[in-house]
Amino acid sequence: MKIGVLALQGAFREHRQMLEKLGVEVTEVRLPKHLVGLSGLVIPGGESTTMGKLMMDYDLKEPIQKFYQEGGAIFGTCAGAIMLASEIEGQPKHIQGKQPSLELMDITVARNAFGRQVDSFKEPLTIKGLESSFDAVFIRAPVITHVGQDVEVLCEHQGQVVLARSGRLMAASFHPELTRDARVHELFLKTCVKA
């Protein structure tokens, strides 16, 4: 199994290290040609407005949407969850028009809903599919404020959705790559069925 990590901006190296720890082949995705042969793609945390702009600059939006439509799985963490969302709340005022995103997952995401960088925190979470709690790291974390009919909520924190799955799509408010616990990445790999 070969998994790509979108490497335009943000914490892509940490995801790469986590996936390699799980024994999968990993490639960094910067251009559409890097999507060829992948079973899954991880979109890391970072700055969602910058990531969206770079995704447009490198002509990656449509190829990533096509990658998903042809059977690829995608996991977005923090800013990556924003990139997957069909709707985004709290768009920066300097963005003219709609903030670029992939609009693949039927969720609404509110940016920076858990506060600023100084409000970062670590919290044990109970996640569907995991036998014990997961120590999640939240940094300028968004929350999922609405989920569509086909979206399964895997975890809530303080009554707000922070991990959800819809078929081959997963979105997390937190940063599983910043822990030593690979179980959330393992959950994602189970959705990567494309050869």
Side-chain angles (χ1 to χ4, degrees), residues 3-7 9-24 26 40-51 73-85 87-90 101-102 104-148 151-192:
I3 303 295
V5 179
L6 190 66
Q9 191 262 345
F12 57 89
R13 288 181 188 87
E14 290 81 357
H15 278 290
R16 177 175 192 143
Q17 289 164 1
M18 183 67 83
L19 290 163
E20 287 174 343
K21 184 173 144 184
L22 289 169
V24 296
V26 182
L41 175 68
V42 174
I43 303 177
E47 182 62 46
S48 66
T49 52
T50 303
M51 202 180 299
I74 305 178
F75 180 25
T77 63
C78 199
I82 297 169
M83 299 306 297
L84 284 179
E87 295 291 334
I88 301 168
E89 295 176 1
S101 74
L102 294 164
L104 289 173
M105 193 167 176
D106 188 10
I107 56 174
T108 302
V109 174
R111 301 171 80 251
N112 303 332
F114 282 113
R116 301 183 310 159
Q117 190 95 9
V118 294
D119 301 313
S120 302
F121 61 97
K122 192 173 180 180
E123 191 74 23
L125 301 178
T126 300
I127 295 175
K128 269 188 197 173
L130 301 187
E131 290 184 2
S132 58
S133 68
F134 182 91
D135 288 332
V137 177
F138 291 81
I139 303 171
R140 292 177 58 209
V143 294
I144 300 168
T145 57
H146 169 78
V147 297
V151 178
E152 179 187 13
V153 174
L154 297 178
C155 181
E156 291 185 8
H157 174 62
Q158 297 176 347
Q160 295 178 299
V161 178
V162 294
L163 180 64
R165 177 171 56 199
S166 176
R168 291 173 281 107
L169 299 171
M170 268 179 60
S173 297
F174 53 90
H175 291 266
E177 79 282 6
L178 297 181
T179 72
R180 294 184 177 180
D181 191 336
R183 292 179 295 162
V184 173
H185 284 78
E186 286 176 325
L187 280 179
F188 170 63
L189 292 180
K190 288 178 184 172
T191 70
C192 300

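The first residue of the sequence shown is numbered 1, and numbering continues consecutively from there.
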Q: Of all residues at least two apart in sequence or in a different chain, which pass the side-chain hydrogen bond (donor to acceptor under 3.5 Å, both in side chains) check with Glu152?
A: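 side-chain hydrogen bond (donor to acceptor under 3.5 Å, both in side chains) check on Glu152 returns Arg165.
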Q: Can you name the nearest heavy-atom pair linking Ala171 to Ile144, along with the distance?
A: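 Looking at all heavy atoms of both residues, the shortest contact is O-CD1, 4.0 Å.
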Q: Less than 4.5 Å apart, side chain to side chain, heavy atoms only: is that true for Met83 and Ile74?
A: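 Side-chain contact under 4.5 Å: no.
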Q: Answer whether the closest heavy-atom distance between the side chains of Asp181 and Asp135 falls below 4.5 Å.
A: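 With C-beta onward as the side chain, the pair stays apart.
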Q: Tell me whether Lys21 at atom NZ has more than 12 heavy atoms from other residues, nucleotides or ligands lying less than 6.0 Å away.
A: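 Buried by this count: over 12 neighbours within 6.0 Å.
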Q: Kindly write out the residues that satisfy ring pair (Phe, Tyr, Trp, His ring centres under 6.0 Å) with Phe188, not counting sequence neighbours, or none if the list is empty.
A: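 Phe188: ring pair (Phe, Tyr, Trp, His ring centres under 6.0 Å) contacts with Phe75.
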Q: Might you point out which heavy atoms bring Val137 and Phe174 nearest each other, and give the distance in Å?
A: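 Looking at all heavy atoms of both residues, the shortest contact is O-CB, 3.2 Å.
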Q: Rounded to the nearest 0.5 Å, what's the gap from NE2 on His175 to CZ on Arg140? Could you check?
A: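 The NE2 atom of His175 sits 9.0 Å away from the CZ atom of Arg140.
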Q: Within the structure provided, determine whether Phe12 and Val42 are in side-chain contact (heavy-atom separation under 4.5 Å).
A: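 Side chain of Phe12 against side chain of Val42, heavy atoms only: no contact under 4.5 Å found.
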Q: Once you round to the nearest 0.5 Å, how far does OG of Ser101 lie from CD1 of Ile82?
A: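 With rounding to 0.5 Å, OG (Ser101) is 9.5 Å from CD1 (Ile82).
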Q: Does a side-chain heavy-atom distance below 4.5 Å link Ile107 with Val161?
A: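 They are not in contact (no side-chain heavy atoms under 4.5 Å apart), so the answer is no.
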Q: Taking only distance into account, with no hydrogens and no angle test, what donor-acceptor pairs under 3.5 Å do side-chain atoms of residues 125-132 form with protein atoms, sequence neighbours excluded?
A:
residue	atom	partner	partner atom	Å
Lys128	NZ	Val153	O	3.4
Ser132	OG	Arg183	NH1	3.1

Q: Where is the tightest heavy-atom contact between Val151 and Ala164, given as atom of each residue plus distance?
A: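 Answer, listing the atom of Val151 first, then Ala164: CG1-CB, 3.7 Å.
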Q: Step by step, work out the side-chain contact (heavy atoms from CB on, under 4.5 Å) result for Val184 and Met170.
A: CA-CA 10 Å; Val184 173; Met170 268 179 60; 4.2 Å; yes
Q: Looking at every non-hydrogen atom in both residues, tell me the closest pair between Ala81 and Ala172 and how far apart they are.
A: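 The answer is CB-O, 3.6 Å.
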Q: To the nearest 0.5 Å, how far apart are CD1 in Ile88 and OG1 in Thr145?
A: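 Rounded to the nearest 0.5 Å, the CD1-OG1 separation comes out at 11.0 Å.
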Q: Using the rule given for side-chain contact (heavy atoms from CB on, under 4.5 Å), can you reason through Ile3 versus Cys192, listing the C-alpha separation, both sets of side-chain angles and the distance that settles it, and then say yes or no?
A: CA-CA 9 Å; Ile3 303 295; Cys192 300; 3.8 Å; yes
Q: Could you measure the distance from the CD atom of Gln160 to the SG atom of Cys155? Nearest 0.5 Å is fine.
A: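 Here the interatomic distance stands at 11.5 Å.
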Q: Only counting residues at least two apart or in another chain, list the ones meeting side-chain hydrogen bond (donor to acceptor under 3.5 Å, both in side chains) with His157.
A: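 By the side-chain hydrogen bond (donor to acceptor under 3.5 Å, both in side chains) rule, His157 matches no residue at all.
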Q: Should His185 and Pro176 count as side-chain neighbours, where that means a heavy-atom distance under 4.5 Å?
A: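 Of all side-chain heavy-atom pairs linking Pro176 with His185, at least one is under 4.5 Å.
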Q: Of the options Arg13, His15, Gln17, which is the one that meets Glu177 in a side chain to side chain contact (heavy atoms under 4.5 Å, CB included)?
A: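 Only one option passes, and that is His15.
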Q: Please find the pair of heavy atoms, one from Ser133 and one from Pro124, that lie closest to each other, and give the distance.
A: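 Scanning both residues, the minimum pair turns out to be OG-CB, 4.0 Å.
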Q: Which residues pass the side-chain contact (heavy atoms from CB on, under 4.5 Å) test with Gln9, not counting sequence neighbours?
A: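 With neighbours one apart ignored, the set is Glu47, Thr50, Met51, Leu54.
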Q: Starting at CZ of Phe134, measure out to CG of Leu154 and round the result to the nearest 0.5 Å.
A: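 Output value for this atom pair is 12.5 Å.
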Q: Taking salt bridge (Lys or Arg N to Asp or Glu O under 4.0 Å) as the test, write out the residues that go with Glu20, two or more places apart.
A: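 Salt bridge (Lys or Arg N to Asp or Glu O under 4.0 Å) list for Glu20, sorted by chain: Arg16.
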Q: With rounding to the nearest 0.5 angstrom, report the OG1 to CD distance, Thr77 to Glu14.
A: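 Between Thr77 OG1 and Glu14 CD, I get 10.0 Å after rounding to 0.5 Å.
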Q: With a 4.5 Å heavy-atom cut-off, do Leu102 and Leu84 have their side chains touching?
A: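 Yes; the side chains approach each other to less than 4.5 Å.
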